[in-house]
Amino acid sequence: MPKRVLQGVVVSDKNDKTIVVKVERRFTHPLLKKTVRRTKNYHAHDESNGHKVGDIVWIEEGRPMSKLKRWVVVDQAAEAAEA
């Protein structure tokens, strides 16, 4: 089974080698048929401390590194060239 990859915005970079990424998902409400936005924060491992608040990053599932940290920042070189 492939690892999940999510896109989000960095909302905190205060911890060492850790960033907090806010990921937004949209879905249609089953009863109201209205588009609903839900957000969730993920703690991700950032080895180089290279990402700052406001950056758009891709995160990928990884092994548990701490109590909250189960995601790893994917290298942005390839994605930046495509965008």
**Prompt:** What closest approach, in Å, do Val20 and Asn41 show between heavy atoms, and which atom pair accounts for it?
**Reply:** CG1-CB, 3.9 Å
**Asked** Hey, any chance Val57 and Val23 share a hydrophobic cluster, counting ILVMFWY side chains that come within less than 4.5 Å of each other, even indirectly?
**Response** yes
**Request:** Quick one: pull up NZ in Lys52 and OG in Ser12 and give me the separation to the nearest 0.5 Å.
**Result:** 11.0 Å
**Asked** When hydrophobic residues are tied together by side-chain contacts of less than 4.5 Å, even through go-betweens, does Val72 share a cluster with Trp58?
**Response** no
**Prompt:** What is the distance from atom OG1 of Thr28 to atom NZ of Lys34, rounded to the nearest 0.5 Å?
**Reply:** 12.0 Å
**Asked** Minimum heavy-atom separation for Gln7 to Ile56, with atom names?
**Response** NE2-CG2, 3.2 Å
**Message:** For Glu24, is there an ion pair with Arg26 - N to carboxylate O distance below 4.0 angstrom?
**Reply:** yes
**Message:** Hydrophobic clustering (ILVMFWY, side-chain heavy atoms < 4.5 Å, transitive) - are Val73 and Leu6 grouped together?
**Reply:** yes
**Prompt:** If you count the non-hydrogen atoms of other residues, nucleotides and ligands that lie under 6.0 Å from NZ in Lys40, is the total more than 12?
**Reply:** no
**Item:** Between NE2 on residue His29 and OG1 on residue Thr35, distance to nearest 0.5 Å
**Value:** 11.5 Å
**Prompt:** Looking at Lys3, Met65, Arg4, which hits side-chain contact (heavy atoms from CB on, under 4.5 Å) with Trp71?
**Reply:** Arg4
**Prompt:** Between Lys17 and Glu47, is there a salt bridge with N-O shorter than 4.0 Å?
**Reply:** yes
**Asked** Can a donor-acceptor pair be found between the side chains of Asn49 and Asp13 at a distance below 3.5 Å?
**Response** no
**Fill in**
With Thr18 as partner, the option from Lys69, His45, His43 fulfilling side-chain hydrogen bond (donor to acceptor under 3.5 Å, both in side chains) is Lys69
**Request:** Specify the closest pair of heavy atoms between Val21 and Ala44, including all atoms of both residues, with the distance to one decimal.
**Result:** CG2-CB, 4.4 Å
